[in-house]
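Chain letters run A, B, ... following the sequence lines, proteins first and then strands; every chain starts at 1. Computed from heavy atoms alone, side chains included, the values below leave out hydrogens, waters and symmetry copies.
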2 protein chains.
Amino acid sequence: MAKPRAAETRKRTRIQQEKEDRILEAALDVFSVHGFRGSTIDQIAKAADMSKPNLLYYFRTKEAIHRLLIGRLLDTWLDPLREMKADGDPLSEICSYIRRKLEMARDYPREGRLFTNEILRGAPHIQDELRDLKSLVDEKSKIMLGWMKDGRLARCDPHHLIFSIWATTQHYADFDVQVRAVLGPGKAGAGRFDDAARYLEKLFLEGLKP
Amino acid sequence: MAKPRAAETRKRTRIQQEKEDRILEAALDVFSVHGFRGSTIDQIAKAADMSKPNLLYYFRTKEAIHRLLIGRLLDTWLDPLREMKADGDPLSEICSYIRRKLEMARDYPREGRLFTNEILRGAPHIQDELRDLKSLVDEKSKIMLGWMKDGRLARCDPHHLIFSIWATTQHYADFDVQVRAVLGPGKAGAGRFDDAARYLEKLFLEGLKP
DNA sequence: TGTAATCTTTACCAATTGATCAAATTTTTC
DNA sequence: GAAAAATTTGATCAATTGGTAAAGATTACA
């Protein structure tokens, strides 16, 4: 008896494994540029080099692909923030956080844009996750307030401090086209991330030292 | 003889004026959330409270509306940067720039998101403008390098400095949903922009003073 | 007030879209 | 090597999409 869709099988076949990966890879390419509504199954199928019905054999709907991608993304996206520990040196902790976020922007720009697309749309599918995000940020904010009270970090609004780290690092994924256009052929090479890291480190280190 | 489309008439009628404004207003709402491909004429027409053919009487195509909106946006978007003058006090000039960009994020969030959508898509329609942008940024970078040489501004990469201002201010338009979710009902009111301004001013002032 | 120009509506069209189905093909398993 | 399971394909569908044609309604203006 042929299963109607591959997704339900207990054990993933070799083919299933490979095709699903190819689809997700292609979908990430397409979704991250055009957003959910702006992307078509045909487009994704073509990018994955297979027919549309074939693709739909592995994922029931367009939304199923998108949901899976978003889910995977959210799972790892906040890891760097989770790693910020109260018992570390405040400025080093913040610098590490910036560095890690910048590495993510460099190594996973499509994931970053997928997330930004979702937020731009009003985050319709990740309301729960936003709630989790709030509690994580609140928790880390408390740590920072402690550092400030101890005179180990400049007094400021920790929420907005976190926003500014998100913004400055994510910028290099979302606005990549603009960044490259502005830097010009000479400075838009791979080294731009090192330049960014150097600049951001200085800005935040000087800006936040007590 | 009835003109096929209203746009070509020399003088704009009262009705033309009003309807075109209503369409652009509605289109800005829709495009800024869903992007170009994710938005439909029906959607825009409904938001503008008119029938689709009626809307298409004023704008030939969906793209015509989008082009006009993008054009208008780019026209005013860079004004704050243009206003940065070499003969001002470096830190005050930068602070004013931040304040103005933040006001734009507060007062014109839809325009900001429209722009971000366009950039996320790879900026297909604004290649020329990106070239103009580069020369403007290069020009202002030279001014900043002068300030640094004179010891009136901390030494850093001026391009990345400008990026960080764009990123931190634009963040409050693009990631508004996330910002509000994280701040929570207590602090997500209109005052969040004042908090942001206070924080950013401190960060950049301390981070960039020589 | 009459008429020409402008505006609006109804009906429509061809292309694209997300998705289905049964038949044909390939792969795995015994 | 045959049966069973998994995979692929081509044909198809209903809904949506961007856009048009033409007739009817309204407005501006002499």
K.L.:
Before accepting this row, confirm whether a basic side-chain N of the pair B:Asp42/B:Lys46 lies closer than 4.0 Å to the acidic partner's carboxylate O.
P.N.:
no
K.L.:
Nearest whole Å is fine: how far is D:dT7 P from A:Phe59 CZ?
P.N.:
13 Å
K.L.:
Out of D:dT8, C:dT9, C:dT17, which nucleotide sits closest to the side chain of B:Asn54?
P.N.:
C:dT9
K.L.:
Please report the distance, rounded to the nearest Å, between CD in A:Gln16 and C1' in C:dT28.
P.N.:
13 Å
K.L.:
Of the nucleotides C:dC21, C:dT10, C:dT17, which has the atom closest to the B:Pro53 side chain?
P.N.:
C:dT10
K.L.:
Quickly work out the B:Ile44 CD1 to D:dT17 P distance and round it to whole Å.
P.N.:
11 Å
K.L.:
What is the distance from NZ of A:Lys46 to P of C:dT16, rounded to the nearest Å?
P.N.:
12 Å
K.L.:
Please determine whether a side-chain nitrogen or oxygen atom of A:Tyr58 lies at a distance below 4.0 Å from atom OP1 or OP2 of D:dA6.
P.N.:
no
K.L.:
Rounded to the nearest Å, what distance is computed from the CD1 atom of residue B:Ile65 to the P atom of nucleotide D:dG18?
P.N.:
10 Å
K.L.:
Using 4.0 Å as the upper bound for N to carboxylate O, is an ion pair formed by A:Arg82 and A:Asp79?
P.N.:
yes
K.L.:
Check this one for me: any side-chain N or O of A:Tyr57 less than 4.0 Å away from OP1 or OP2 of C:dA19?
P.N.:
no
K.L.:
Out of D:dA6, C:dT10, D:dG19, which nucleotide sits closest to the side chain of B:Lys62?
P.N.:
D:dG19
K.L.:
So how far off straight is the helix from C:dT1-D:dA30 to C:dC30-D:dG1, going by the axes through five pairs at either end, to 10°?
P.N.:
20°
K.L.:
Quick one: B:Glu18 CD to C:dT8 P, roughly how many Å, whole number?
P.N.:
9 Å
K.L.:
Is any NZ, NE, NH1 or NH2 atom of the basic residue among A:Glu18 and A:Arg22 found under 4.0 Å from an Asp or Glu carboxylate oxygen of the other?
P.N.:
yes
K.L.:
Check this one for me: any side-chain N or O of B:Lys52 less than 4.0 Å away from OP1 or OP2 of C:dT10?
P.N.:
no
K.L.:
Could you check, using the six-membered ring where one of them is a Trp, whether A:Tyr172 and B:His160 have ring centers closer than 6.0 angstrom?
P.N.:
yes
K.L.:
For the pair B:His171 and A:Phe163, name the ring-plane relationship: parallel under 30°, tilted 30 to 60°, perpendicular over 60°.
P.N.:
tilted
K.L.:
Measure from NZ on B:Lys19 to P on D:dT26 and round the result to the nearest Å.
P.N.:
12 Å
K.L.:
Relative to the 5' end of DNA chain D, which residue comes earlier, A:Ser51 or B:Phe36, by the nucleotide with the nearest heavy atom?
P.N.:
A:Ser51
K.L.:
In terms of ring plane angle, is the pair A:Phe31 and A:His66 parallel, tilted or perpendicular, where the classes change at 30° and 60°?
P.N.:
perpendicular
K.L.:
What is the distance, to the nearest angstrom, from the CG atom on B:Asp42 to the C1' atom on C:dT16?
P.N.:
14 Å
K.L.:
Does atom CZ of B:Phe193 have more than 12 heavy-atom neighbours from other groups under 6.0 Å away?
P.N.:
yes
